[in-house]
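Chain identifiers are assigned alphabetically (A, B, ...) following the order of the sequence lines, protein sequences preceding nucleic acid strands; residue numbering begins at 1 within each chain. Note that these values count all heavy atoms, side chains included, but never hydrogens, waters or copies made by symmetry.
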Amino acid sequence: MATDTTRSNPVEDIKTNSNFLRGTLQQGLTDTASAGLSETDTQLTKFHGIYQQDDRDVRDQRRKQMLEPDHSFMIRVRMPGGACTAEQWLAMDAIANRWANHSLRLTSRQAFQFHGVLKNDLKTSIQRINSSLLDTLAACGDVNRNVMCTVLPELSAIHRQVFDDASKLSTHLLPQTTAYHEIWLDKKKVVGSTDVEPIYGETYLPRKFKTAFAIPPHNDVDVFAHDLGYIAVVDDGELLGYNISVGGGMGATHGDPKTYPLLAQLLGFCTPDQVNEVAEAIVRIQHEFGDRGNRKHARFKYTVEDHGLDWLRDQLESRLGYPLESVRPVTFSHTGDDYGWKRGEDGLWNLLLFIQNGRILDTGHAPMLTGLREIAKLHNGEFRLTANQNVVIAGVTEQEKDLIVATTREYGLDAHEQLSKARLGAMACVAFPTCSLAMAEAERYLPELLDKIEDSLKQHGLQDQDINIRMSGCPNGCSRPYLAEIGLVGKAPGRYQLYLGAARDGSRLNRLVLENVDEQGILRALDQALIQFKYDRKDTESFGDYAHRIGSDLVKGGM
Amino acid sequence: MLATLRTDNSPFNEREIELLRHSLGALDVSQSQWLSGYLAGRLPSLETAETQSTTVPALTILFGSETGNGEAIATRLANQLNQTGIKTTLESMGQFRVASLKKLEQVVFVISTHGEGDPPEEALELFDYLQAERAPELPRLNYRILALGDQSYEHFCLAGQILDQRLRQLGATAVDERIDCDVDYHRQATRFTETVVSWAEEHLNRAEPVAPVLSLVPTTANWNRQSPYAAEVLRVQRITGDGSVKDIHHLEISLEGAGLEYLPGDSLGVWARNDSTVVDALISGLGLAPDIPVRLEGEKSDLISALTRHRELTRLTEQTIRQFAQSSNQGALGDHFNGLSRAKRRQFIESRQLLDLVEEYPANIAAQDLVDLLRPLAPRSYSIASSRSLVDDEVHLTVATLNSNAIGRQRTGVASGQLNQRLQSGDRISVFVEPNRRFRLPDDPEAPVIMIAAGTGIAPFRAFMQDLEATGAHRNTWLIFGNPSLRTDFIYQREWLNWRKTGLLNRIDAAWSRDGVHKHYVQHVVCEQIERLDRWLSRGAHVYLCGSLAMGRDVLGSLQSSIATLPAGTADSAAETVKQLGRTGRLHKDLY
């Protein structure tokens with residue numbers, strides 16, 4: 001399909017005219033008349049890891065009060081592979097309590113998010129993040145974003161290598177503009193110096209770009225949901241290199257048939273030392289050929305689809321100057337997290353804890369934010385955020401173990417020992433009240449819906465069934481709902497699109513089976529599907545595979 | 001009126017009368033009202049022209065007024081005198097050539113008091129002149145003073161007192177004792193006018209009666225303070241966000257069919273009624289019966305309606321408290337109150353309503369005594385927040401609920417409580433327009449406008465901006481605004497941001513007192529922005545202040561002291577600019 005890639009959309013002009021992401025941010029930050037920034041600047045803050053949001057619960061009321069929306073900011077931290085030290089955890093915790101809404105949000109891309117930061121507190125918060133040796137640069141925006149990496153391989157040595165490759169790639173693809181340092185860290189621009197963006201140029205990428213590293217058999221990062229994936233190929237304890245996957249992506253728009261989620265395809269194999277040059281070449285191809293006319297068609301997945309995999313391989317190989325090796329066989333088991341203790345081959349222990357929808361805050365029965373702060377105080381190792389919005393306390397010594405177990409019990413962090421598999425495998429994006437894209441509830445609603453789904457599972461004797469359920473407040477799909485056995489995508493308040501039938505290893509998308517259904521409709525359809533699944537499944541067939549096999553007939557009878 | 005106009009009863013010749021008949025006869029009510037305001041605005045300069053061309057008048061009336069009330073009284077008196085043939089000159093103290101005072105024999109002063117006992121801006125030059133060491137002796141001068149003030153402020157009618165005292169010192173003779181009027185000045189002012197007219201008729205030479213210029217067209221709308229218009233409330237909307245320490249409401253009131261005109265800068269007088277729960281609590285707290293007959297200004301009434309509709313229950317004065325203590329034999333209250341320092345007494349007065357006294361100091365008082373000692377209920381005045389050119393036949397108000405809880409019980413202001421809490425859309429409220437021609441957009445369409453406000457002081461500036469929006473004007477405008485918190489307290493924020501976005505408003509600087517580590521107020525903005533302010537002033541900007549008296553004082557203080565910090569060479573001229581602002585009519589104050 002031929003696409004006009006020369007015509008530009010408004011965001012392209014904003015980038016071009018921004019003087020390498022500066023815009024009028026300095027003035028906007030000191031404007032006393034608004035708690036928000038200008039529309040143009042809100043496009044640019046994304047590149048700095050900051051989204052302007054507003055409390056949508058009070059939007060209508062404030063309109064009547066002739067007040068602007070209740071603006072605050074979300075700050076996303078860039079942390080390759082979701083790893084941070086205990087010290088960094090404490091720094092993040094302090095920021096959450098002092099300048100954000102007393103909670104830490106773990107994202108589906110292994111990052112911390114702070115919500116509710118006021119404009120006047122942005123600078124201090126960003127400075128604190130940087131002084132902890134983390135940053136927010138390129139955590140959002142039309143650039144390569146946080147690079148993900150499987151968190152919990154028992155193969156500790158391999159993990160270390162892959163994690164290092166992920167970190168180095170993240171650094172390699174960072175924007176080079178000094179705007180970030182000038183605006184947030186008060187670094188003075190050297191007089192007469194000009195910014196150079198060797199990879200991105202002044203227009204950066206046409207759209208966001210996501211990269212993930214997976215270590216089979218774990219596919220916790222959902223590697224096929226990313227623009228670019230590196231799948232570790234390990235033989236006899238040695239990292240040989242990576243299968244390269246390209247052109248995955250979740251985002252779609254309701255009612256626009258030209259937008260859809262796509263799974264990444266395998267392109268070839270590269271060695272660890274080729275990782276950066278392969279990624280850079282692919283980013284440059286997307287920079288050159290990506291659609292700058294239509295942001296809804298600008299993701300790399302459409303570039304790959306429009307030009308074809310062979311074209312891409314030719315482009316890549318001609319830029320690299322060598323041919324790619326062919327894909328090596330690997331197999332994935334599942335995309336979920338394995339909770340509890342796992343011992344690495346280095347002898348250290350890792351404890352994976354369930355965090356419902358990634359939201360860490362203190363509640364009456366589970367003061368989790370406090371609990372994790374206490375753990376961070378006594379723990380000498382690392383923390384790793386998972387792609388399923390959970391947390392790993394990593395590198396625990398045998399001696400530390402008991403104390404950490406006791407602490408998790410004291411602060412209600414041991415929920416993974418009691419909850420149903422359906423709940424432990426579920427995830428929702430943030431959605432209301434802060435996300436400006438949300439069309440329906442997600443994080444605030446999924447727990448309540450799960451209560452009812454659990455009832456249904458129990459009724460059919462399926463309470464021990466592994467089923468992954470993902471809910472997203474809009475079709476952009478931050479919680480990767482199109483890769484869930486049961487996917488729910490918000491359409492309007494209280495209304496969802498119901499998708500069924502993804503593969504548990506992340507190798508097959510689900511399909512839309514019901515449109516615009518309310519809770520009753522969702523529950524009726526699922527109840528009916530579960531009954532059939534119980535009596536009609538083959539051996540150990542997963543719910544996703546069964547639903548895929550039967551298709552939309554599974555829910556037709558009940559409607 | 002036009003039909004009776006003749007060369008012998010008006011200052012016009014036949015051709016002028018013909019022209020007036022021709023042009024004025026075709027005017028509708030709103031056009032006539034507009035013209036009346038226009039003529040009122042031109043009056044002082046017209047009168048000055050006249051005095052220069054004629055001999056010494058029999059009587060001169062000088063008014064110094066900031067809200068226009070004093071001017072209205074003075075104008076009425078001048079018209080009555082002229083009609084009875086007493087040759088009278090009416091002048092604003094600001095326009096009056098002070099040196100000519102020593103030539104005059106009969107002068108009536110109408111002077112209001114503002115802020116902390118200050119005379120109005122336009123009287124400053126006269127006060128300076130009289131208070132100077134080399135002020136002339138005034139042995140020929142016979143004078144009367146009508147002083148306007150508000151008993152609930154500390155320095156009640158102080159400007160009038162100072163004027164009185166100084167004139168005596170300079171050898172002038174008071175024809176009568178000075179009259180000090182409270183906010184319900186109407187009856188006293190009428191009596192004063194009658195006294196002056198009958199005295200003048202007896203003692204001064206009369207010429208041919210002169211028809212008053214202002215009576216050619218109605219000077220006020222059909223509706224006024226005495227006969228207010230019962231307007232329908234269209235909308236009552238709280239406009240401070242959740243969590244705000246302030247309870248500010250936006251009211252939209254219909255004037256459809258009323259023929260009530262106003263201009264941006266004017267105020268709306270509101271006749272409120274006391275809260276029935278407060279009235280009931282008061283009556284039962286004093287062990288009285290609601291239907292006890294009482295006499296009210298000579299008319300028969302009963303206690304409950306007297307207290308509901310005719311007496312001040314929410315604003316106390318020293319006098320009220322003392323009389324209440326005395327009439328009710330409440331010695332404890334009297335002793336306590338008299339034992340307080342002056343500052344503590346102010347605090348006591350300002351934080352309490354009558355019901356607080358009754359609950360704190362249980363007392364017995366006769367119904368008639370109670371009615372007699374309380375001040376008549378006065379209308380409350382709100383700066384109008386709309387421009388007719390944009391909102392057509394509506395008038396908008398921005399009202400903060402006045403709250404106090406000295407004895408642990410929440411009390412609200414009589415009008416703010418009714419407007420914000422007790423009124424619903426569809427209800428009616430008695431209103432009238434109070435023109436404030438001192439708070440108008442500059443005549444010069446190019447003159448920049450600096451609007452400085454705190455809290456509900458932003459109201460008239462919304463009216464200004466609506467006017468500029470409707471008329472498509474292109475003047476530089478700048479809002480400096482202060483309130484507790486940006487998130488909840490930027491009054492009409494969406495509109496201001498939109499005006500800035502469209503370029504109608506050039507700049508907003510806001511001070512949020514509770515958002516930062518340090519309290520930040522508009523006077524701090526003035527200090528921070530002094531260089532820009534200086535540039536605007538040098539381009540002829542007008543400065544408008546609206547808000548509390550304390551804010552006005554702090555802003556002007558900050559302006560003065562900050563200007564002194566400007567680089568040498570500009571500080572002097574800037575200080576002179578500030579001084580001249582008031583004198584040249586470029587400083588406009590609406591402070592309360």
Side-chain angles (χ1 to χ4, degrees), chain A residues 10 14 23-43 52-74 97-102 114-125 127-128 432-434 436, chain B residues 235-244 246-252 385-386 396 398 458-459 462 465-466 478-483 485-501 505-518 520-522 524-525 528-529:
Chain A
I14 292 171
T24 56
L25 267 168
Q26 294 278 26
Q27 295 97 296
L29 287 170
T30 56
D31 174 24
T32 50
S34 170
L37 295 166
S38 76
E39 271 171 54
T40 327
D41 285 344
T42 60
Q43 291 296 333
Q52 179 170 311
Q53 304 189 321
D54 72 283
D55 183 348
R56 296 181 60 185
D57 288 348
V58 298
R59 197 186 269 183
D60 194 50
Q61 178 194 323
R62 288 178 65 93
R63 189 182 49 73
K64 290 191 191 120
Q65 292 173 329
M66 294 180 255
L67 293 167
E68 69 178 352
D70 189 5
H71 292 302
S72 65
F73 293 83
M74 178 270 273
N97 282 301
R98 176 115 185 241
W99 294 291
N101 62 353
H102 305 279
F114 301 100
H115 290 268
V117 180
L118 297 178
K119 188 173 78 174
N120 285 346
D121 296 329
L122 272 178
K123 204 160 163 175
T124 322
S125 304
Q127 288 179 352
R128 292 298 172 98
F432 284 110
T434 51
S436 62
Chain B
R235 182 181 175 209
V236 184
Q237 168 70 52
R238 182 178 149 118
I239 53 172
T240 38
D242 287 354
S244 173
K246 290 194 171 185
D247 182 49
I248 296 175
H249 285 64
H250 169 73
L251 284 99
E252 295 177 2
S386 55
H396 298 179
T398 317
I458 203 166
R462 180 177 186 257
M465 294 307 296
Q466 285 193 346
W478 180 2
L479 175 72
I480 298 177
F481 177 65
N483 230 4
S485 179
L486 169 60
R487 197 176 74 79
T488 54
D489 305 324
F490 191 171
I491 310 300
Y492 304 115
Q493 183 181 31
R494 276 178 186 263
E495 297 181 347
W496 289 106
L497 292 179
N498 200 45
W499 282 320
R500 185 174 69 174
K501 199 172 175 181
L505 179 68
N506 295 75
R507 195 177 166 85
I508 305 174
D509 285 285
W512 306 109
S513 59
R514 300 203 179 194
D515 283 356
V517 185
H518 303 290
H520 201 237
Y521 296 105
V522 280
H524 300 123
V525 174
E528 290 152 15
Q529 296 291 334

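Here the closest heavy-atom approach between residue A33(A) and residue L497(B) is recorded as O-CD2, 3.8 Å.
With a threshold of 4.5 angstrom between heavy atoms, W512(B) approaches chain A through side-chain atoms but not through N, CA, C or O. Neither the backbone nor the side chain of N120(A) comes within contact range of chain B; no heavy atoms are under 4.5 Å apart. The part of R235(B) that comes within reach of chain A is its side chain, from C-beta onward, which places non-hydrogen atoms under 4.5 angstrom from that chain.
Listed options I491(B), D489(B), T240(B), D509(B) were ranked by heavy-atom pairs under 4.5 angstrom with chain A; first place goes to T240(B). Between chain A and the residues A510(B), A511(B), G516(B), the most heavy-atom pairs under 4.5 angstrom are made by A510(B). Each of A35(A), S38(A), S72(A) has some count of heavy-atom pairs under 4.5 Å with chain B, and the biggest count is that of A35(A).
More than 12 heavy atoms of other residues, nucleotides or ligands sit less than 6.0 Å from atom CD of Q61(A). The number of heavy-atom neighbours closer than 6.0 Å to CZ of R514(B), taken from other residues, nucleotides and ligands shown, is 12 or below. No more than 12 heavy atoms of other residues, nucleotides or ligands lie within 6.0 Å of CZ in R128(A), so this atom counts as exposed by the packing criterion.
Here the straight-line distance linking atom OG1 of T32(A) with atom CG of D515(B) works out to 10.5 Å at 0.5 Å rounding. Rounding to the nearest 0.5 angstrom, the gap separating the CZ atom in R500(B) from the OG atom in S34(A) is 7.0 Å. Distance check, rounded to the nearest 0.5 Å: CZ of R462(B) to CE of M66(A) gives 5.5 Å.
The stretch residues 62-73 of chain A participates, sequence neighbours left out, in these salt bridge (Lys or Arg N to Asp or Glu O under 4.0 Å) pairs: D60(A)-R63(A), D60(A)-K64(A), D70(A)-R487(B). Among residue pairs with one or both ends in residues 116-125 of chain A, those qualifying as salt bridge (Lys or Arg N to Asp or Glu O under 4.0 Å) are K123(A)-D186(A); sequence neighbours excluded.
A donor-acceptor pair is defined here as one N or O able to donate and one able to accept, closer than 3.5 Å; no such pair exists between the side chain of Q65(A) and the backbone of Q237(B).
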